[in-house]
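First up is the structure itself, then whatever we jot down about it.
All values below come from the heavy atoms of this structure, side chains included, with hydrogens, waters and symmetry mates left out. Throughout, residue positions are numbered sequentially from 1 according to the sequence presented.
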Amino acid sequence: MTPEEISQAAAALLEADRTGQQIGLLSLRHPGMTLDDAYAVQAALIAAKYAEGRHKIGWKIGLTSRAMQQALNITTPDSGLLLDDMLFRSGDHVAKDRFIQPRIEAEIAFVMAAPLSGADCTRDDVIAATDHVVPALEILDTRVLRADPDTGQPRVITDTISDNAANAGIVLSAETHKINAHDLRWVGAIVSRNEVVEETGLGAGVLNDPVTSVLWLARRLAEHGQSIDAGDIVLSGSFIRPLEAPSGADIHADFGPFGSVQITFD
């Protein structure tokens, strides 16, 4: 994609976010679009958000489960940025029409005590840099149509990455834990919508270990001269399928001894 095409795509996504009107698939408009192109669109979108006064509070990692990677015919996760207006606390209400087509995923969030960077990062480095981990929900949304109405072609990874990895919000529990207090591979959640159990999963669904996911992010960012900063929140990836969260949905994730987190969509 040319610099002008990247700027135009980012502007279209920003307008979709403002108006709630989704745009067509960027992958159809730009058939040769690469992952680098998609991350360039994402960067331009985030730069526009910064210009509006937003600031970064962390990162999200997506497409960490084998099932989601196979569904999109990819072998790598993706990432996006968390901004200050995306943060919710457990028990909060989401205003009606705040999002377009919100969905929920259950995750383990890492809150960093120290910066983390470098292509030679190790698992021990991730553990040492983490202040605590916390039960979390990610709110997904899409400023891009899920499928083209004429051809039926679904979104692909370049559409999702461009759209800030489909990120819209993060809900944090009040319950926190030191990273070694639990085996994160065995931390799981029972996720209910309006008191009906819809999804269950274990942390091992995230690249076999959520720590591995954060390590992947640190190494990927290093390739682009970026890093995870002290104080950043890192959503390590979902271990359930995305759950639709329409108006009236009350979402509760029971993580057992690890805690719980809840959000209501008005």
Can you check whether L221 reaches L116 side chain to side chain, under 4.5 Å on heavy atoms?
no
Spell out, yes or no, whether V133 and L215 are grouped together once hydrophobic residues are joined by side-chain heavy atoms under 4.5 Å, including indirect joins.
yes
In terms of side-chain geometry, is the basic nitrogen of E244 or R146 positioned less than 4.0 Å from the acidic oxygen of its partner?
yes
Basic-acidic side-chain contact under 4.0 Å: E105, K60:
no
Just by modelled atom types, is the I23 backbone N or O under 3.5 Å from a matching donor or acceptor in the R143 side chain?
no
Side-chain donor-acceptor contact under 3.5 Å, D37 with T34
yes
Got more than 12 heavy atoms from elsewhere within 6.0 Å of CD, E4?
no
Is it the case that S260 and D254 place a side-chain donor and acceptor less than 3.5 Å from each other?
no
R54/D84 salt bridge by N-O under 4.0 Å criterion:
yes
Is the backbone N or O of I108 less than 3.5 Å from a side-chain atom of S236, with the two atoms forming a donor-acceptor pair by type?
yes
Side-chain contact test, heavy atoms from C-beta onward, threshold under 4.5 Å: evaluate it for M33 versus V41 and give yes or no.
yes
Supply the atom-to-atom distance M86 CE to E138 CD, rounded to the nearest 0.5 angstrom.
9.0 Å
Are I240 and V261 linked, directly or through other ILVMFWY residues, by side chains that come within less than 4.5 angstrom of each other?
yes
Less than 4.5 Å apart, side chain to side chain, heavy atoms only: is that true for L25 and L145?
yes
Transitively linked via ILVMFWY side-chain contacts under 4.5 Å: L81 with V234?
yes
Can a donor-acceptor pair be found, under 3.5 Å and without considering hydrogens, that links the side chain of Q262 to the backbone of S90?
no
Calculate, to the nearest 0.5 Å, the distance between atoms CD1 and CE belonging to I233 and M112 respectively.
11.5 Å
Salt bridge check: are R220 and E223 linked by an N-O gap of less than 4.0 Å?
no
One should read off an interatomic distance between R155 CZ and Q22 CD, to the nearest 0.5 angstrom, of 8.5 Å
Exam field: side chain D159 to backbone L26, donor-acceptor pair closer than 3.5 Å:
yes
Check whether D131 reaches the backbone of V111 with its side chain - one donor and one acceptor, N or O, closer than 3.5 Å.
no
Which class fits the ring pair H224 and Y39: parallel under 30°, tilted 30 to 60°, perpendicular over 60°?
tilted
CG-CD1 distance between L45 and I6, expressed to the nearest 0.5 angstrom:
12.5 Å
W59 versus V214: any side-chain heavy-atom pair under 4.5 Å?
no
Output yes when a side-chain donor or acceptor of N194 lies under 3.5 Å from a complementary backbone atom of D250, and no otherwise.
yes
Counting C-beta onward and ignoring hydrogens, is there a side-chain heavy-atom pair between V187 and H177 closer than 4.5 Å?
no
Taking S79's backbone N and O only, do any of them form a donor-acceptor pair with Q42's side chain (distance below 3.5 Å, no angle check)?
yes
Sidechain N-carboxylate O distance under 4.0 Å for D229, K56:
yes
Any donor-acceptor pair under 3.5 Å linking the side chain of N167 with the backbone of N164?
no
Is the shortest side-chain heavy-atom distance between R185 and V206 below 4.5 Å?
no
Check the hydrophobic clustering (I, L, V, M, F, W, Y; side-chain heavy atoms under 4.5 Å; chains of links allowed) and say if I228 and I61 are grouped together.
yes
Begin from the C-alpha positions of L172 and R89 and carry the test side chain to side chain contact (heavy atoms under 4.5 Å, CB included) through to its verdict.
CA-CA 5 Å; L172 291 183; R89 299 293 178 180; 3.6 Å; yes
Check the hydrophobic clustering (I, L, V, M, F, W, Y; side-chain heavy atoms under 4.5 Å; chains of links allowed) and say if M1 and L28 are grouped together.
yes
From L35 atom CG to D78 atom CG, the distance as rounded to the nearest 0.5 Å
9.0 Å
Gap between atom CG of D232 and atom OG of S227 - 0.5 Å precision
8.0 Å
4.5 Å side-chain heavy-atom contact, L83 and H55
no
Under 3.5 Å, is there a donor-acceptor pair between the side chain of D17 and the main chain of L14?
no
Min side-chain heavy-atom separation I46-Y50 under 4.5 Å
yes
